[in-house]
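These notes concern the structure reproduced below.
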Amino acid sequence: MSHFSLAERPIDVAGLARELASGAAGASVSFEGWVRDHNDGRAVSRLDYQAYAPLAQAEGERILAEVRARFAIVDARCAHRVGALAIGDLAVWVGVSAAHRGAAFDACRFIIDEVKRRVPIWKNEHYAEGESGWLHPDNTPVE
Amino acid sequence: MSHFSLAERPIDVAGLARELASGAAGASVSFEGWVRDHNDGRAVSRLDYQAYAPLAQAEGERILAEVRARFAIVDARCAHRVGALAIGDLAVWVGVSAAHRGAAFDACRFIIDEVKRRVPIWKNEHYAEGESGWLHPDNTPVE
Amino acid sequence: MNFRVLYFASLRDQAGCDAERVDSAAAEASVLYAELRARHGFSLAQDRLRVAINGDFALWDHPLSDGDEIVFLPPVSGG
Amino acid sequence: MNFRVLYFASLRDQAGCDAERVDSAAAEASVLYAELRARHGFSLAQDRLRVAINGDFALWDHPLSDGDEIVFLPPVSGG
């Protein structure tokens with residue numbers, strides 16, 4: 001079963017959450033990353049995500065395998081949109097189920113941190129004043 | 001607007017999540033606490049939550065006010081079920097929206113930790129072998 | 001004085017009721033709990049409990065008034 | 001040797017294409033990037049990039065083979 005997915009259409013959060021449900025899991029933590037209407041003081045109108053899909057998929061699966069080995073969790077999923085997104089769209093979703101909440105919080109944060117740091121996906125913001133720019137991991141522009 | 005709620009019926013997660021959506025929020029973290037099929041090595045068949053409702057409501061709102069003062073978040077909600085629940089039922093839901101993910105994770109964890117520590121709600125587990133017992137905050141039985 | 005006392009969790013089971021009216025000369029919640037513990041055989045010692053008076057948390061030596069609603073709160077276990 | 005090179009993000013904008021076939025004698029990815037940077041005017045220095053060869057991350061001094069698919073990866077910004 002795939003634990004990480006690149007989505008060209010809206011992420012099926014309900015479907016992913018159902019995959020995580022388990023009688024053994026008492027806790028679930030999820031993270032949603034939405035397209036914000038501003039970044040670094042500039043008004044954002046929309047954005048595009050590009051991905052190097054085969055490596056993004058492989059690296060995403062590696063992160064999800066690492067998290068299952070490192071934390072006492074039941075299961076985890078992550079999905080990341082690619083393509084054109086509008087303000088308020090869901091860009092990335094992470095869900096983790098566990099017997100206890102501490103591991104669920106830690107594992108969820110580990111996944112989103114590692115995905116942002118390692119998975120070859122790039123965000124191109126389009127600004128209200130008409131420009132656009134590729135961003136660094138810390139959301140500052142690439143010069 | 002109420003930020004904390006006691007729910008006698010299934011928690012309306014979609015409705016609460018909609019209240020958190022905002023163009024200014026780039027991150028949302030949510031916690032779900034489900035009824036597990038076991039605790040402390042015993043098979044659980046179902047459970048009941050009792051609440052001292054007026055104080056639970058007031059203390060829940062105080063926690064939500066504290067979290068908005070302490071963390072750089074946009075908004076937060078928490079709902080807790082009372083009454084009879086079955087295995088797999090959603091017992092508690094916490095959602096936090098923020099501009100950045102660090103504050104969203106920290107605030108969500110603060111809320112569930114404080115709710116479990118401070119809000120006058122009691123869990124009575126019914127075990128598969130027919131007994132039942134009131135639990136401590138650490139899920140060990142009250143002697 | 002007359003108090004309304006509410007019970008939850010193991011105190012409710014041991015008292016055999018959700019709530020009762022209590023006539024007592026207890027001037028403080030700690031004295032009232034000692035009286036009710038003796039009457040109902042509550043297993044929880046006072047230092048395991050918190051007390052709420054008229055809907056908010058209170059200190060054990062808070063002076064009681066006629067008509068107060070008093071709740072002895074066992075260790076909570078929500079979530 | 002002939003390589004297939006894929007471009008993403010600012011490299012794609014500056015190259016003006018998603019991918020191209022490149023004939024080069026470059027024995028390592030670092031040499032190939034220097035050649036392509038000179039040709040396309042890429043603003044990102046090599047130390048800002050990672051490189052992937054045939055679908056997985058690789059070291060810059062990994063020996064190239066004819067037919068390799070090579071991707072220069074700008075700093076990522078998913079999430």
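Lettering of chains follows the sequences in order, A, B, ..., and the numbering in each one begins at 1. Note that the coordinates shown come from a computational prediction; the quantities given were computed from them, not determined experimentally.
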* Contacting region of D106(A) [heavy-atom separation from chain B under 4.5 Å] ->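 Contact with chain B is through both the backbone and side chain of D106(A).
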* What part of S97(A) gets closer than 4.5 Å to chain B, counting heavy atoms only: side chain, backbone, both or neither? ->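 Only the side chain of S97(A) comes within 4.5 Å of chain B.
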* Does a sphere of radius 6.0 Å around CZ in R70(A) hold more than 12 heavy atoms from other residues, nucleotides or ligands, not counting ones at 6.0 Å or beyond? ->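 Atom CZ in R70(A) is not packed in, count stays at 12 or less.
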* More than 12 heavy atoms of other residues, nucleotides or ligands under 6.0 Å from CD of E8(B): is that the case? -> no
* Top residue by heavy-atom pair count (under 4.5 Å) with chain A, among V35(B), D37(B), V29(B), I112(B)? ->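 Ranked by heavy-atom pairs under 4.5 Å with chain A, first place is D37(B).
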* Asked: Looking at G88(B), A91(B), G102(B), which has the largest count of heavy-atom pairs under 4.5 Å with chain A?
  ->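 Of the options given, most contacts go to G102(B).
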So which of [options] has the biggest tally of heavy-atom pairs under 4.5 Å with chain B?
| options | result |
| --- | --- |
| V44(A), V96(A), D113(A) | D113(A) |
| A104(A), A14(A), G95(A), C108(A) | C108(A) |
| A25(A), S22(A), G33(A) | A25(A) |

* To do: Applying ring pair (Phe, Tyr, Trp, His ring centres under 6.0 Å) between F105(A) and each of F31(B), F105(B), F110(B), report the one that passes.
  => F31(B)
* Are R36(A) and H100(B) close enough, and set up right, to give a side chain to side chain contact (heavy atoms under 4.5 Å, CB included), and what steps lead you there? -> CA-CA 10 Å; R36(A) 277 193 302 163; H100(B) 300 288; 3.6 Å; yes
* Approximate separation, where rounding is to 0.5 Å, of L90(A) CG and S28(B) OG ->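 Reported to 0.5 Å precision, the distance equals 9.0 Å.
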* Heavy-atom check, side chain of R101(B) versus side chain of E32(A), under 4.5 Å ->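 R101(B) vs E32(A): side chains apart.
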